[in-house]
Amino acid sequence: MIIVIKKQKDEKQLNNLLDWIKDLGLGVHLSEGDNSTIVGLVGDTSKVDIDLVRSLDIVEGVRRIQEPYKNANRKFHPDDTIVNINGHKFGGKYFQYIAGPCSVESEKQIIEVAQAVKEAGATVLRGGAFKPRTSPYAFQGLRDAGIELLLKAKHETGMPIVTEIMSVRSLDLFKDVDIIQIGARNMQNFELLKEVGRAKKPVLLKRGLANTIEEWLMSAEYLMSEGTTDIILCERGIRTFEPYTRNTLDLSAIPLLKELTHLPIIVDPSHASGLSRLVKPLSLASVGAGADGLIIEVHNDPPHALCDGAQSLRPEQFADVVQAASVVLPLVNKVRD
Ligand code: PEP
Ligand code: MN
């Protein structure tokens with residue numbers, strides 16, 4: 001249930017209302033936007049007398065919400081959430097590039113790639129330290145040492161970093177990581193979501209390989225119900241019957257999510273296609289569809305990459321994507337900041 005409060009509100013009456021809701025054992029989510037104040041009620045609202053609430057002087061309207069996700073729902077929070085990572089904003093009119101290798105492989109590799117993608121226009125560095133591989137015999141990532149190398153690259157370049165967490169046991173290692181990534185395979189690892197949610201750090205939440213948009217938003221709800229506010233959703237392709245591409249990019253998810261949620265949404269054209277030559281057209285299509293950013297795999301030597309070489313761009317190819325997208329950005333009223 002949401003309660004829309006009148007613009008000229010009496011603060012004392014509003015506080016009385018909030019106390020009354022809390023006394024009913026319900027959670028309160030307050031959103032003070034430019035045009036209205038919205039009180040979201042979290043929990044079993046069947047005990048709330050809706051007519052009584054509607055009759056209050058400060059109340060403009062009351063609405064029951066059907067969707068099972070509350071905190072992530074745009075009805076709760078009409079204004080776009082803008083996630084600010086060290087001054088780089090995702091959401092609203094802002095657009096960002098996250099780039100870097102699939103996996104951190106060595107100090108030389110991560111620093112070289114970080115410098116190159118920064119030069120080309122990326123503002124956040126990606127790189128996997130803990131890798132979710134289909135085969136237990138494939139490269140599993142440098143793990144703790146990989147996080148250390150990412151922190152070194154952060155120190156050298158000044159770029160904030162995003163990297164994937166696979167287990168709650170390694171949460172301590174993520175203390176200086178700017179954005180914690182929950183990968184596609186862990187989107188519904190609910191214990192991990194709850195623990196990461198409690199850390200209240202920015203999270204990049206990828207869509208599961210075979211998950212609906214509602215399931216994805218429910219995973220965001222897990223993080224938010226524990227207190228996380230800064231969540232960036234990432235569409236990375238879903239599994240379909242089409243074998244030419246690694247996954248199928250669900251472009252329609254972008255404008256749909258803009259209606260359903262206030263959270264920013266970025267696109268990963270690298271994992272969506274699995275093919276480096278498709279990354280540029282899919283990037284441009286994503287910008288056109290209204291995405292708030294792109295996360296792109298870039299490697300200084302793709303044929304020798306330890307993971308996902310076939311979908312990795314060389315730095316100069318990444319620079320070309322940034323150039324081409326800069327023509328589309330103004331058409332969708334987006335700026336890089
Ligand atoms: C990744 O970003 O490195 C990754 C493994 O992505 P996904 O979880 O989308 O497969
Ligand atoms: Mn990868």
[atom1]/[X] to [atom2]/[Y] distance, rounded to the nearest 0.5 angstrom?
X: Ile238; Y: Thr212; atom1: CD1; atom2: OG1; result: 10.0 Å
X: Met187; Y: Met218; atom1: CE; atom2: CE; result: 10.5 Å
X: Leu251; Y: Ser286; atom1: CG; atom2: OG; result: 5.0 Å
X: Ile182; Y: Ser219; atom1: CD1; atom2: OG; result: 9.0 Å
X: Tyr222; Y: Leu192; atom1: OH; atom2: CG; result: 12.0 Å
X: Leu256; Y: Ile213; atom1: CG; atom2: CD1; result: 5.0 Å

Run the numbers on Glu297 and Arg126 for salt bridge (charged side-chain N to carboxylate O under 4.0 Å, His left out), then give the verdict.
CA-CA 8 Å; Glu297 285 189 344; Arg126 63 148 289 147; 3.4 Å; yes
Only pairs at least two apart or in different chains count here, so list each salt bridge (Lys or Arg N to Asp or Glu O under 4.0 Å) that has a residue in residues 240-251.
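Pairs touching residues 240-251 that pass the test: Arg207-Asp250, Arg246-Asp308.
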Show every salt bridge (Lys or Arg N to Asp or Glu O under 4.0 Å) that has at least one partner inside residues 263-275, sequence neighbours left out.
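Residue pairs with at least one partner in residues 263-275: Lys206-Asp268.
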Could you check if a side-chain atom of [X] sits within less than 4.5 angstrom of a side-chain atom of [Y], using non-hydrogen atoms only?
X: Lys9; Y: Glu11; answer: yes
X: Met224; Y: Leu263; answer: yes
X: Leu294; Y: Phe95; answer: yes
X: Thr229; Y: Thr81; answer: no
X: Asn186; Y: Ile165; answer: no
X: Tyr69; Y: Leu260; answer: yes
X: Pro269; Y: Leu278; answer: no
X: Leu233; Y: Leu217; answer: yes

Same cluster or not: are [X] and [Y] linked, directly or through other Ile, Leu, Val, Met, Phe, Trp or Tyr residues, by side-chain heavy atoms under 4.5 angstrom apart?
X: Leu14; Y: Val4; result: no
X: Ile38; Y: Ile58; result: no
X: Val39; Y: Ile2; result: no
X: Leu41; Y: Leu56; result: yes
X: Val203; Y: Leu173; result: yes

State whether the number of non-hydrogen atoms from other residues, nucleotides or ligands found under 6.0 Å of [X] atom [atom1] is greater than 12.
X: Arg277; atom1: CZ; answer: no
X: Arg143; atom1: CZ; answer: no
X: Lys12; atom1: NZ; answer: no
X: Arg54; atom1: CZ; answer: yes
X: Arg63; atom1: CZ; answer: no
X: Lys93; atom1: NZ; answer: no

Under 4.5 Å side-chain heavy-atom separation, chaining through any Ile, Leu, Val, Met, Phe, Trp or Tyr, what else clusters with Ile179? Say none if it is isolated.
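Ile179 clusters with Val83, Ile85, Phe90, Ile98, Val124, Val162, Leu204, Ile232, Ile266, Ile295.
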Table please: side-chain donor-acceptor pairs of residues 319-337 below 3.5 Å, with sequence neighbours left out.
from, atom 1, to, atom 2, distance (Å)
Asp320, OD2, Lys280, NZ, 3.0
Ser326, OG, Gln323, O, 2.5
Lys334, NZ, Gly92, O, 2.7
Lys334, NZ, Asp292, OD1, 2.4
Arg336, NH2, Gly121, O, 3.1
Asp337, OD2, Lys89, NZ, 2.7

Looking at every heavy atom in both Ala253 and Glu235, which two are closest together, and how far apart are they?
CB-OE1, 4.0 Å
What are the two closest heavy atoms between Gln311 and Gly274, and how far apart are they?
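Taking every non-hydrogen atom into account, OE1-CA, 3.3 Å.
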Looking at residues at least two apart in the chain, or sitting in another chain, which of them share a side-chain hydrogen bond (donor to acceptor under 3.5 Å, both in side chains) with [X]?
X: Thr45; value: Arg64
X: Glu214; value: none
X: Thr245; value: none

Start with the C-alpha distance between Leu209 and Arg185, add both sets of side-chain angles, then the distance that settles side chain to side chain contact (heavy atoms under 4.5 Å, CB included), and finish with yes or no.
CA-CA 7 Å; Leu209 277 75; Arg185 290 154 193 83; 4.1 Å; yes
Result block: side-chain N/O donor-acceptor pairs under 3.5 angstrom for residues 154-161, not counting sequence neighbours:
from, atom 1, to, atom 2, distance (Å)
Lys154, NZ, Asp176, O, 3.0
Lys154, NZ, Asp178, OD1, 3.1
Lys154, NZ, Asp178, OD2, 3.1
Thr157, OG1, Ala153, O, 2.7
Thr157, OG1, Met159, N, 3.2

Pairs meeting criterion ring pair (Phe, Tyr, Trp, His ring centres under 6.0 Å) with involvement of residues 111-132, two or more places apart
none
Kindly say whether Asp57 contributes a backbone atom to a donor-acceptor pair with the side chain of Lys6 at under 3.5 angstrom?
yes
Which residues pass the side-chain contact (heavy atoms from CB on, under 4.5 Å) test with Gln317, sequence neighbours left out?
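Expected list: Leu313, Arg314.
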Is the Phe76 ring parallel, tilted or perpendicular to the His29 ring (thresholds 30°, 60°)?
tilted
For Glu107, which residues count as a salt bridge (Lys or Arg N to Asp or Glu O under 4.0 Å) partner, sequence neighbours excluded?
Lys152
Asn73 pairs by side chain to side chain donor-acceptor pair (under 3.5 Å) with which of His262, Glu221, Glu67?
Glu67
What side-chain donor-acceptor pairs closer than 3.5 Å can you find for residues 20-28, not counting sequence neighbours?
none

Test side chain to side chain contact (heavy atoms under 4.5 Å, CB included) on Leu17 and Gln13 and set out the steps.
CA-CA 6 Å; Leu17 174 63; Gln13 283 184 23; over 6 Å; no
